[in-house]
Amino acid sequence: MPARRKPRRSAKTRARAKRRREGGRAGSPRRTRAKRARSRPRARAARRPARRKSRKGPKVRARRTRRRPAFDPRAVERKWQAAWAGAHAFEASAEPSRPKWYTNVPYPYMSGYQHLGFALSFLRAEFQSRFRRMTGFNVLHPQAFHCTGLPILGAAKRVAENEPRQLEILKWMGVPGAEVRKFADPMHWIDVFPAATTRDLVGLGAAIDWRRSFITTPLNPPYDAFVRWQFRRLKDSGYLRVDKHPVVWCPKDQAPIGDHDRLEGEGETPVEYTLLKFPLPDGRLLVAATIRPETVFGQTNLWIDPRAAYVVARVGGERWILNEGAARKLAEQAKAVGVEGPIRGADLVGKEVVAPGINRAILILPSTFIDQGRGTGIVTSVPSDAPDDLVALRDLQKDAALLKRYKLDAERVRGIVPIPIIRTPGWGPLPAVEIVDRMGIRSQDDREALEAAKAEVYRSGFYQGVMNENCGHLAGVRVEVAKEEVRRQLAASGQADLMYEPSGEVVCRCTTRAIVKVVEDQWFLAYGDPSWKTKVHEALASMALYPEAIRKQFDYVIDWLRDWPAAHHRGLGTKLPWDDAWVIESLSDSTVYMAYYTIAHALQGGALRSEVPWASRLDDAFFDFVFLGKGAAAEVAARSGVTREILEALRSEFLYWYPFDLRNTGKDLVQNHMTFCLFHHTALFPKELWPRGFGVNGFVQMMGRKMSKSRGNVWYIRDALREWGADVLRLSVANAGDGMDDPNIDTDFAASGRSRLQEWYAFAVGHHATRSDRRTVDAWFLSTMNRSVASAREAMEQMNYKAALRHGFFDLQAAWAWYVRRAGGRPHAHVLARFIDVQTRLLAPFVPHVCEEIWSRIGGKGFVSHAPYPVAETSEVDVTAEAAEGLLSSTIADVREILKVTRIAPKRIAIYTAPSWKLRVHAVALEMARAGPIAMNALMAKTLEDPGMRERAKDVASYAKKLTDDLRHARPEDLVRRAAVADEAARFLEDREFLARELGARVDVYRADDPGRRDPAGKAEHAIPGRPAIYVE
RNA sequence: GCGUGGGUAGCCAAGCCUGGUCAAAGGCGAGGGACUCAAGAUCCCUUCCCGAAGGGGUCCCCAGGUUCGAAUCCUGGCCCACGCACCA
């Protein structure tokens, strides 16, 4: 702290304090301490991303210190964080007599400081933990750190190589220049970031049981053993399988290229090409690649680029002709390929080959459109449906010189015509002809137009097309189906084979163009298994989802998942127990570790990397016992080197906590991690231990924009804490938005939230003038407060925090402001105390630090974090008081409306309440409405029985008509409300002074049938129950 | 293309499932007022159009439909966001 002068208040501030002491007015909470917030300049600074420079100069700091003598959020936050830690406030153990609640979030990956994205997903879970704790649950909320996989290794390697971008990232995160070198070692990352994340979370006020924290990978032996156990069990269950697997592959690095390793081609995946074999008379096979095998029925010729070089290669027992690139690719795709020698394209032109599928002799013709980097460099020609083929054919047919050069039979070539093979709605028999003519494509070198044409024909043909009569037994079959069928049949008859290519151009970070490799002995998790999927759907069906809207997405993902390669040869992680060469991939090792948390405090011994001797030698028997209840305790204990008591305690601890009640995450994990989590739970655990709830949120935005490095608006948790402190940040996160839309952190809201919290603090601990006589407004406020409590509670249960904040904070504060105004600045002492108590507890899950501080000062017992969440007292809900207040405010609104329209500056305002005969009709109508829809004549008959009614039967009829219309759709509670204010005139008389103050004029109140009323404009006759007549002069 | 979610006043955003109480909550922005020497903060009022009496008109992406009645239900269309994998 810099040296500072003794806080000195201005004359004005002193005067205000004096007023307060003397009970001049209680004011609304927001009025009392408005001065010191100074949030303008800071709010502006907050709009910039945190570049940790000294944006708050000494001047600002000094002023702030002087102006805020009583409440320093940072000090308060530190104070209570220390108090919680000292009291072990959030360390949870099994207590069989109490209901439990178990929340967790996916552990974050340790390749850097955590930013607000993680903070948001974490806090949405943490709010729930704190809320549930206050509603009486024994709450477990642990947090671990993920180190498995490639990114840490990759980043460390890039630091070692001094890659500028990587160094820039470290600098951006705030790593001092001198420290950067250390990050060349992956272990340094694992030392630094879990500790840093822990500090960030503590600073955030997270209510975590830190005894259960750990890191992943073999660096932490018990966790490593746990993952091995999991994989052996999965293998036993038959959910782990070996198979071939195509991956996008860098031939230079000899490694698969994930999306993040690509310079180009994000999202591209391996696609299957059908290799069609065209025998030459000598038995060699020309091999063409296609993604449209169903078009074999329309083949007219084969295309070769006469300028290109091809090779003859021995593949299996056959001799294939294809280009050299294709030979190399096939060698990576589980085929034995031996190149024998070159062969020129030009030498093949003009020969005859037999087309597969149709078994007809066709000519090999020259063309220039073939992409030699894709497929085999040889293409079969289907001019009916392939624009490329059609245009190339036309080019050739027109080109006598070319025909002559290759000694082609001009007559035969010119005789080639497209063969209609597919019928597509909206298209003629020859789509390629149609589109080429429509687009006016003249040459096979007009690549752009041809690509567009191809895409259009392909799309409509694939989804809507049906095979023609000339397609043998596939006649009438949809293209989508026929495609697979043709491929299958040709492969079975040896006329076709398979080749993979990336679905689009992919370039590795090392600038090499990617190919597809088929990995031979890949281990898969069999997510494609239909019976497994069925169980997962079942698990999902019994879960709570927040928001419910995400359910369909989960169901879709469950069906969509195929077998997942679960291990690779690089990266950090647990080795496959039966094959050292494989490392379990990071999404696969992190699916059921929520179970590990339940016993982690014992296994970790207080360290992220366990050094507990017995825990570093765990075998499957231990986990079988603890998680599955298998085996004999004594025997397992003896093997593990742990006492039987501890072992059995761990078993019951697991059974107490499991399954978890809520796991919350960003929506990016829905289609992998969260769904995997379900798969693995159904595979390993009995039904009663399957997850109970998932929460999903969108991606955090700052001021309506996505947070991204390129925009320079990435906020790390530490930056936000420095800028706003924990409570303001938490409040901003709670207010950022519910549901699946991207939540938006609004710095303007943060600024005003900061001052609102300060106002609230000052109000809650301040002194206020009060009174002890009961008034209608007191009942109104208590009633309103209880409704707020009920709404807030319901919103909390649904994880709708923005709504909870609105009900439980903003609306409640607004109600208080109205109450104080209505009460002439003097709240009832008990109401005031109730308000402060309830408001503090409603806010506690969101802003626990300031609430603890208030709680301790208003005499709360223990931590507010452990105090009961407010319960709506139905006995305090007072419909009469609410109706009375509603009548008052709607009358004020009506008067204002009149003043606005007439632009009268009122000297006097008269209010006329309904005459007794209307009250009578109204009462009778309400009575009848209770029994069902009112019949007009019945109402008339009933009311006219009363003395004096017959004389004004006409008026009665017209009012009764209006009423019956009005009440036709009234609900029971409307009837109660309408009946609530028995004596409206008394109501207004009681509040005459208030009305006069609000409306700025004298207010007179009359009953409409009061003979002594003053009614120069004859307004009184318009008065009806619930709507007094008004006269302004 | 497939899947999911969505399009509401100047902007953000609730309501839609369970039709009427909806000219449609709340926030921001804007205007006016109170307080103040003043600014900020705070509080009050206003903020679709018309209106010298609390009223009327037109509205919830577009076009149809169901209904006594539609922001809400149905059909069709247009547009936007996210995901489509082996990776955190």
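Below, chain A is the first sequence line, B the second, and so on; all start at residue 1. Note that these values count all heavy atoms, side chains included, but never hydrogens, waters or copies made by symmetry.
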Does the structure show a Watson-Crick or G-U wobble partner for [N], both distances under 3.5 Å? Name it, or say none.
| N | result |
| --- | --- |
| rG3(B) | rC82(B) |
| rU36(B) | none |
| rA88(B) | none |
| rA13(B) | none |
| rA71(B) | none |
| rA53(B) | none |
| rU66(B) | none |
| rA30(B) | rU46(B) |

Restricting to side-chain contact (heavy atoms from CB on, under 4.5 Å), what partner residues turn up for [X], sequence neighbours left out?
| X | value |
| --- | --- |
| N672(A) | L587(A), L669(A), F676(A) |
| S588(A) | F231(A), L525(A), W564(A), A566(A), I584(A), E585(A) |
| H115(A) | M707(A), V714(A), Y716(A) |
| F699(A) | K667(A), D668(A), D742(A) |

Considering all heavy atoms of both residues, which atom of P502(A) and which atom of A514(A) are nearest to each other, and what is their separation?
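Smallest interatomic distance, heavy atoms only, reads CG-O, 3.9 Å.
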Between H673(A) and A549(A), who's closer to the 5' end of RNA chain B by nearest nucleotide?
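With H673(A) and A549(A) compared, the 5'-side residue is A549(A).
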If the [atom1] atom of [N] is compared with that of [M], how far apart are they to the nearest Å?
| N | M | atom1 | value |
| --- | --- | --- | --- |
| rA88(B) | rA24(B) | C1' | 43 Å |
| rG7(B) | rA63(B) | C1' | 16 Å |
| rA13(B) | rC60(B) | C1' | 13 Å |
| rA14(B) | rG64(B) | C1' | 28 Å |
| rU21(B) | rA70(B) | C1' | 15 Å |
| rG1(B) | rC74(B) | C1' | 27 Å |

Please report, rounded to the nearest Å, how far the [atom2] atom of [N] is from the [atom1] atom of [X].
| X | N | atom1 | atom2 | result |
| --- | --- | --- | --- | --- |
| N672(A) | rA85(B) | CG | P | 11 Å |
| L153(A) | rA88(B) | CG | C1' | 13 Å |
| R754(A) | rU42(B) | CZ | P | 13 Å |
| I558(A) | rC84(B) | CD1 | P | 18 Å |
| I550(A) | rG6(B) | CD1 | C1' | 13 Å |
| R822(A) | rC44(B) | CZ | P | 15 Å |
| Q813(A) | rC44(B) | CD | C1' | 17 Å |
| L587(A) | rA85(B) | CG | C1' | 9 Å |

Does a side-chain heavy-atom distance below 4.5 Å link D521(A) with W582(A)?
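A side-chain contact exists here, since the closest heavy-atom pair is under 4.5 Å.
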If you define the side chain from C-beta out and look only at heavy atoms, does anything of W249(A) sit under 4.5 Å from P270(A)?
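Sidechains of P270(A) and W249(A): no contact.
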Just how far is it from atom CE of M740(A) to atom CD1 of I550(A), taken to the nearest 0.5 Å?
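Reported value, rounded in 0.5 Å steps: 3.5 Å.
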Can you check nucleotides 8-11 of chain B for protein contacts, nitrogen or oxygen pairs under 3.5 Å, and list what you find?
none

Please determine whether the number of non-hydrogen atoms from other residues, nucleotides or ligands lying under 6.0 Å from atom CD of E794(A) exceeds 12.
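12 or below, so no.
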What string of B, S and - do you get for nucleotides 45-59 of chain B 5' to 3' if you count protein non-hydrogen atoms under 4.0 Å?
S-S---BSBBB----
Test your reading of the model: is there a side-chain donor-acceptor pair from Q522(A) to the backbone of A567(A), 3.5 Å cut-off?
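Indeed, once roles are kept as given, a pair shorter than 3.5 Å links the two residues.
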Examine distances only and state if a side-chain atom of K802(A) and a backbone atom of V733(A) form a donor-acceptor pair shorter than 3.5 Å.
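No; zero donor-acceptor contacts below 3.5 Å.
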Partner residues of D741(A) under the salt bridge (Lys or Arg N to Asp or Glu O under 4.0 Å) criterion, sequence neighbours left out
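Scan of D741(A) (salt bridge (Lys or Arg N to Asp or Glu O under 4.0 Å), adjacent residues dropped) gives none.
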With D738(A) via salt bridge (Lys or Arg N to Asp or Glu O under 4.0 Å) - residues at least two apart
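So D738(A) forms a salt bridge (Lys or Arg N to Asp or Glu O under 4.0 Å) with R124(A).
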Please work out whether the ring planes of H146(A) and Y109(A) are parallel, tilted or perpendicular, with thresholds of 30° and 60°.
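H146(A) vs Y109(A) ring planes: perpendicular.
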State which residues pass ring pair (Phe, Tyr, Trp, His ring centres under 6.0 Å) with H1022(A); sequence neighbours excluded, sorted by chain then number.
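H1022(A) satisfies ring pair (Phe, Tyr, Trp, His ring centres under 6.0 Å) with no other residue.
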Can you sort out the partners of H568(A) under ring pair (Phe, Tyr, Trp, His ring centres under 6.0 Å), two or more places apart, ordered by chain and number?
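Listed in chain order: nothing, the list is empty.
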Are there any protein N/O atoms within less than 3.5 Å of an N/O atom in nucleotides 12-18 of chain B, and if so, which ones and at what distance?
none

Identify all pairs in which a protein N or O lies below 3.5 Å from an N or O of nucleotides 19-22 of chain B, and state each distance.
unit_1: rG20(B); atom_1: O6; unit_2: H969(A); atom_2: ND1; d: 3.4
unit_1: rG20(B); atom_1: N1; unit_2: H969(A); atom_2: NE2; d: 3.4
unit_1: rU21(B); atom_1: O2; unit_2: R971(A); atom_2: NH2; d: 2.8
unit_1: rU21(B); atom_1: N3; unit_2: R971(A); atom_2: NH1; d: 3.0
unit_1: rU21(B); atom_1: N3; unit_2: R971(A); atom_2: NH2; d: 2.5
unit_1: rU21(B); atom_1: O4; unit_2: R971(A); atom_2: NH1; d: 2.8

